[in-house]
Amino acid sequence: MRTKRGIRFKASELEAGRTYLWRKEFLPLLYKYLELKPRQIVVDVGSGTGSLTRLLANGIKFQGKVIGIERNRRLLSVAKKLSNKQRIPRKLVSYKVGKAESLPLPSNFADRVVCQMVLWLVKDRKRVVSEMLRVCKPGGLVGAIDLVLENVAYYYPQNQRLTELRKKWHEALVKGYAQIYGSDRNIGYKLPTLFKEQGLERVRLDAYAYVWSDSDDRIPFDFRLKSYQRYVRDFDTKQEKRRRKEEERILYAGGMTRSEIKEFYELGLQNDKRIVENPKLLDQTTSMNGGIFYIATGIKP
Ligand SMILES: C[S@@+](CC[C@H](N)C(=O)[O-])C[C@H]1O[C@@H](n2cnc3c(N)ncnc32)[C@H](O)[C@@H]1O
C-alpha cells in the first residue's frame, strides 16, 4: 500500500515472514559472508521489525553494538518491543529513526553497514549505497541482501492455474513497481554492479537459497497454520481491501488483466480457506515457495 511516504509494511507479516528465513543451519554462512566478529559496530539500514538486527547481534556474539535505522516509527517501536522481550541490552542493540538516504550517523563510524530487502524499494539506490559507504569505516564492509523476485517459485500441486497466476503475479509486480515507484524488485544479482559503481572494492556475491514448504515438520504446526488463518481472517478488512487495491494498481500497470487479478485473489482465498477449514490438510499438502537471497559485500577503500 502506498502512503505519502511510500509503501506500507505490516509489522506482523514482516516479522512472520522473517522468522524462518535465516534458519539456524544457514546462519554461520550469513556471519561468514558479512565477516562478523565480536566487538564490531554494525548498522542495519531499514531494520523494520529488527529481525536481521537481532541476528547481527548474535553474529557479533553479543559483544559490540548493533544499530537499526528505520524511517517508520511504527515498525521501529515493534523492533524495540521485540528486543526488550528477548532481554537484549539496549547498549548492544538500539534503534534510531532515520532515512537510508541520509543516515543519522557520523562518517567512518561502523565496521559493518548492511541492509536486507531495502535496496529493491528505494528509488535512489546509488544515494543509499553511498550513504552506507560514508558511515562505514575505511577497511570496513558494506553488505546488502536482496531477491530477484522474478525467480521466486510458488507451486500449488493441487491447483495448476493458481501456480500459473502466481508466476504472472511476480512478473507483473516487477514491472509495476518499476513503473509506479521506480523500484527494482529484481535487484539481487545487480548488487555488485551498484557496489562497484559506488567505489566499493573486493566486491563479492554470495547466495542463500530459502524454501518454505507448507508441510515442513521442523516448523511448528501452529505457526504454519497462522499465516493461512491471518489471510482468511483479514481478507475483508478495510485495511486489507486497501492494500489489495493498491496492489491491483501495480499488477495492472505491470501487465496483468483485471480478470486475472480477480481470479488470482479468488483462487488464493479458496486455497487458504480449504486449509483453515480442515487444518489436517496442512501436513499433507506439498505446496511450497522458494527463491534465492543474494548477498553482496564490498570493502570501503
Ligand atoms: C521489506 S522491509 C525489510 C525490513 C528488514 N530489513 C527485514 O529484512 O526484515 C523494508 C524496510 O525498509 C524500510 N525503508 C524503506 N525505505 C526506507 C528509507 N528510505 N529509509 C529508511 N528505511 C526505509 C521500510 O520502512 C521497511 O521497514
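Counting convention: from 1, in listed order, for ligands and their atoms alike. These numbers were taken from a predicted model, which means no experiment stands behind them. For reference, positions follow the sequence shown, starting with 1.
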Quickly, which of D272, D214, D283, D216 forms a salt bridge (Lys or Arg N to Asp or Glu O under 4.0 Å) with R224? Name it, please.
D283
Which residue is it: K167, K168, K175? I am looking for the one with a salt bridge (Lys or Arg N to Asp or Glu O under 4.0 Å) to E171.
K167
Give the contacting part of R71 toward ligand 1: side chain, backbone, both or neither, where contact means a heavy-atom distance below 4.0 Å.
both
Which one holds for S51 and ligand 1: side chain close, backbone close, both close, or neither close, with close meaning a heavy atom under 4.0 Å?
side chain
Looking only at distances, can you tell me whether any N or O atom of [X], backbone or side chain, sits closer than 3.5 Å to an N or O atom of ligand 1?
{"X": "L121", "value": "no"}
{"X": "Q116", "value": "yes"}
{"X": "G46", "value": "yes"}
{"X": "E101", "value": "yes"}
{"X": "E70", "value": "yes"}
{"X": "R18", "value": "yes"}

Can you list the atoms of ligand 1 that are under 4.0 Å from a heavy atom of [X]?
{"X": "K99", "value": "20 (N), 21 (C)"}
{"X": "S47", "value": "5 (C)"}
{"X": "V118", "value": "12 (O)"}

Considering all heavy atoms of both residues, which atom of L14 and which atom of T49 are nearest to each other, and what is their separation?
CD2-N, 4.2 Å
Does atom NZ of K190 have more than 12 heavy-atom neighbours from other groups under 6.0 Å away?
yes
Inspect the contact between K99 and E131 and indicate whether a charged nitrogen and a carboxylate oxygen are less than 4.0 angstrom apart.
no
Could E248 and K245 be called an ion pair, given the rule that one side-chain N must be under 4.0 Å from one carboxylate O?
no
Taking the six-membered ring for Trp, are the ring centroids of Y210 and Y20 within less than 6.0 Å of each other?
no
Mind checking whether C115 has a heavy atom under 4.0 Å from ligand 1?
no
Is there a heavy atom of L52 sitting under 4.0 angstrom from any atom of ligand 1?
no
Would you indicate which of R127, M117, E15 comes nearest to atom 10 (C) of ligand 1 when only heavy atoms are counted?
M117
Aromatic rings F293 and Y208: how do their planes relate, parallel, tilted or perpendicular, breaks at 30° and 60°?
tilted
Non-neighbouring partners of K262 that pass salt bridge (Lys or Arg N to Asp or Glu O under 4.0 Å), sequence neighbours left out
E266
